[in-house]
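We use all heavy atoms of the structure for the numbers below, so side chains are in, but hydrogens, waters and symmetry mates are not.
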Amino acid sequence: MKAYREVDGGGDLFSALDHQKKVTQKILGILKLRDLIDWESFRPVLEKVTGYDTKDWSIGGRRPFDPVFMFKVLVLQKFHGLSDEATEQQIGDRLSFMSFLNLRLGDEIPDANTIWDFKELIEKEGREGGRKLFEAFHATLTGEGLLAKEGSIVDASFVDAPRQRNNREQNQQIKNGERPEEFDKNSAKGRQKDCDARWTKKNNESHYGYKNHAKVDAKSKLIDEYETTPAQVHDSQVFQKLVDESDNAVLGDSAYTSEENEDYLIECDAEEFLMRKAYRNHPLSEADEKFNRGVSRIRVRIEHVFGRMKQLGMDYVRSIGLRRASQHNSLCNLVYNMDRYAFLKS
C-alpha cells in the first residue's frame, strides 16, 4: 500500500503569511511596476482631472477611494487586459493583485461600477485625463534621458471593438457620419451602438474598431506620441500629428511615403527614412531595395512594441465610442511605457 502526503487544508496565520510572501516573490510583472514607479508623482494630475483638488469634503457624503489607488487599479486592469467585472473579482481573489494595491485580506475593494465611474470621471467634459497621465510619465522618461530622439519610428496597430449588428441602411448612415434615429428611440439599445468605430481590411483580414497610431523611440522602444482614430483612417493622415521638430530622424513603412510628408520632414529638419514604394511599371531599383532593407531592420522595433501590447490584451477595447477608445489607448500606451521602463531599469 502506497503512502501519500496528506493535505489537511488547515494552517495558521504564519503559514498564510509565508504563502503570500512566496506567491508575490514569484510574480514579477506587475510587482516590478509597484516598486519602480513613483505613483505619488501622478497625484497632482489625478486630483485635477477628477476635480478632487477643489471639492469641499467638509459638507459630508461618502468619500471616494484615493485617486492614486484607483489609478493603480486601472493600471492593473490594462496590464492584464481585464473587464471591470473581472478586475473587481481578481483583486479580491489574487494575492499578487492585493500586494500591488497594498491591500490586506478584509480591506474594502472597488466594485465594477466604481472602476467604470472613475474612468468616466477622468475623461469628463474633455478633461483628457488619460493623455495627461501619459504626459506626466512622459516627462519622467524625458527627465531620465530615456527618450533619446536620435530616431523615431511611426506605425499604427488595430484596436478591435465589439462588433455591431446593424442593417445595411443603418451602416450606411453611420458611414456618412449620421446617427440612426431608431438608436435613440430605445435608450438602452442606443447606449450599446458605436457610431465612431469603422470597418477596414488589411491583408485580407477584416477589422472593426479603431487604430492606435504611435511614434516610438527607436533606441528605447518607448512610446513618444500617439493618436487614436477610427480603423479606416489611413496611417499617412496622422503622420504630421505624430512628428515634430524634436525628431532628428523618422522611420516608417511605405504607407507614409508621399511628397507631402517628405516636405514636412524637411520643414522639421528631420532626416527621412520612409521605405520606398513600388508603382505599376516602376519597380524598385536595387538601391531602393537596399535602402528598404536597412530601414526595415530598425523599423521592426515598433512591431515589438505592438506585439507586447497585444500580449497584454491591449488590442481590444470593450467600451463604446471614440472618446472611450482614446482613453483606452492613452492608458494602454502609458502602461506599456511603465512596463518597458521597468524592464530598462531592472
Are Q77 and Q90 close enough, and set up right, to give a side chain to side chain contact (heavy atoms under 4.5 Å, CB included), and what steps lead you there?
-> CA-CA 10 Å; Q77 180 182 51; Q90 296 278 13; over 6 Å; no
Before giving the answer on salt bridge (charged side-chain N to carboxylate O under 4.0 Å, His left out), spell out for K132 and E128 the whole-Å C-alpha distance, their side-chain angles and the decisive distance to 0.1 Å.
-> CA-CA 6 Å; K132 289 176 180 176; E128 293 189 341; over 6 Å; no
May I have the step-by-step check of side chain to side chain contact (heavy atoms under 4.5 Å, CB included) for L334 and K78, ending in yes or no?
-> CA-CA 10 Å; L334 167 59; K78 297 304 180 187; over 6 Å; no
Decide side chain to side chain contact (heavy atoms under 4.5 Å, CB included) for L344 and S220; before the verdict, give the C-alpha distance in whole Å, the side-chain angles of both, and the deciding distance to 0.1 Å.
-> CA-CA 8 Å; L344 294 171; S220 64; 4.2 Å; yes
Just do the side chain to side chain donor-acceptor pair (under 3.5 Å) check on T229 and H213 with the steps written out, would you?
-> CA-CA 8 Å; T229 68; H213 302 262; 2.8 Å; yes
Could you walk me through whether T114 and D111 pass the side chain to side chain donor-acceptor pair (under 3.5 Å) check?
-> CA-CA 5 Å; T114 301; D111 60 23; 2.7 Å; yes
Determine, step by step, whether Y210 and D194 satisfy the side chain to side chain donor-acceptor pair (under 3.5 Å) criterion, reporting the C-alpha distance in whole Å, the side-chain angles of both residues, the deciding distance to 0.1 Å, and the verdict.
-> CA-CA 11 Å; Y210 301 90; D194 194 334; 2.9 Å; yes
Stepwise salt bridge (charged side-chain N to carboxylate O under 4.0 Å, His left out) check, E205 with K202 | CA-CA 5 Å; E205 185 176 337; K202 183 176 181 180; over 6 Å; no
Might you work through the side chain to side chain contact (heavy atoms under 4.5 Å, CB included) test for I174 and N166, ending with a clear yes or no?
-> CA-CA 10 Å; I174 293 171; N166 305 320; 3.7 Å; yes
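Residues L141 and V305 are members of one and the same hydrophobic cluster, defined by side-chain heavy-atom contacts under 4.5 angstrom among Ile, Leu, Val, Met, Phe, Trp and Tyr. Grouping the Ile, Leu, Val, Met, Phe, Trp and Tyr side chains by contacts below 4.5 angstrom, directly or via other members, places M70 with L103. Hydrophobic clustering (ILVMFWY, side-chain heavy atoms < 4.5 Å, transitive): L331 and L46 are in one cluster. With hydrophobic clusters built from ILVMFWY side chains whose heavy atoms lie under 4.5 angstrom apart, V216 does not share a cluster with V243. By the criterion of side-chain heavy atoms lying less than 4.5 angstrom apart, applied directly or through intervening Ile, Leu, Val, Met, Phe, Trp or Tyr residues, V75 is not grouped with Y316; the two fall into different hydrophobic clusters.
Within a 6.0 Å radius of CZ in F343, other residues, nucleotides and ligands contribute 12 heavy atoms or fewer. Atom NZ of K48 has 12 or fewer heavy atoms from other residues, nucleotides or ligands within 6.0 Å.
Rounding to the nearest 0.5 Å places SG of C195 at 9.5 Å from CD1 of I320. Taking CD1 of I30 as the start and NZ of K32 as the end, the distance is 12.0 Å to the nearest 0.5 Å. Once rounded to the nearest 0.5 Å, the distance linking NZ of K124 with OG1 of T50 reads 11.0 Å.
Screening residues 78-110 for ring pair (Phe, Tyr, Trp, His ring centres under 6.0 Å), with sequence neighbours left out, gives W39-F100, H80-F97. Screening residues 114-144 for ring pair (Phe, Tyr, Trp, His ring centres under 6.0 Å) gives F134-Y226, F137-Y341 as the qualifying pairs, with residues at least two apart or on separate chains. Residue pairs meeting the salt bridge (charged side-chain N to carboxylate O under 4.0 Å, His left out) criterion with at least one member in residues 324-346, sequence neighbours excluded: E120-R324, E144-K345, R308-D339. Within the structure, every pair that satisfies the salt bridge (charged side-chain N to carboxylate O under 4.0 Å, His left out) test and touches residues 209-224, not counting sequence neighbours, is listed here: K149-D224, K211-D235, K215-D224, K215-D247. For residues 144-178, the set of pairs meeting the ring pair (Phe, Tyr, Trp, His ring centres under 6.0 Å) definition, not counting sequence neighbours, comprises F158-H207. Counting only residues at least two apart or in different chains, ring pair (Phe, Tyr, Trp, His ring centres under 6.0 Å) contacts with residues 244-293 comprise F239-Y256. Applying the salt bridge (charged side-chain N to carboxylate O under 4.0 Å, His left out) definition to pairs two or more places apart or across chains, those involving residues 272-289 are E272-R276.
Here E225 pairs with R131 under the salt bridge (charged side-chain N to carboxylate O under 4.0 Å, His left out) rule; sequence neighbours left out. The salt bridge (charged side-chain N to carboxylate O under 4.0 Å, His left out) search around D117 returns none, not counting sequence neighbours. Residues forming a ring pair (Phe, Tyr, Trp, His ring centres under 6.0 Å) with Y208 (at least two apart in sequence, or on another chain): W199. With sequence neighbours left out, the side-chain contact (heavy atoms from CB on, under 4.5 Å) criterion links N176 to Q172, E178. For R104, the salt bridge (charged side-chain N to carboxylate O under 4.0 Å, His left out) partners two or more places apart in sequence, or in a different chain, are D107.
Counting all heavy atoms, side chain and backbone alike, A86 lies closest to S83 at N-OG, 3.1 Å. Nearest heavy atom pair, residue R127 against residue G51, reads NH1-N, 4.2 Å.
Of the residues listed (T257, L251, V295), the one engaging L274 in a side chain to side chain contact (heavy atoms under 4.5 Å, CB included) is T257, and it is the only one.
Counting only N and O atoms by type, the side chains of T228 and N329 include a donor and acceptor under 3.5 Å apart.
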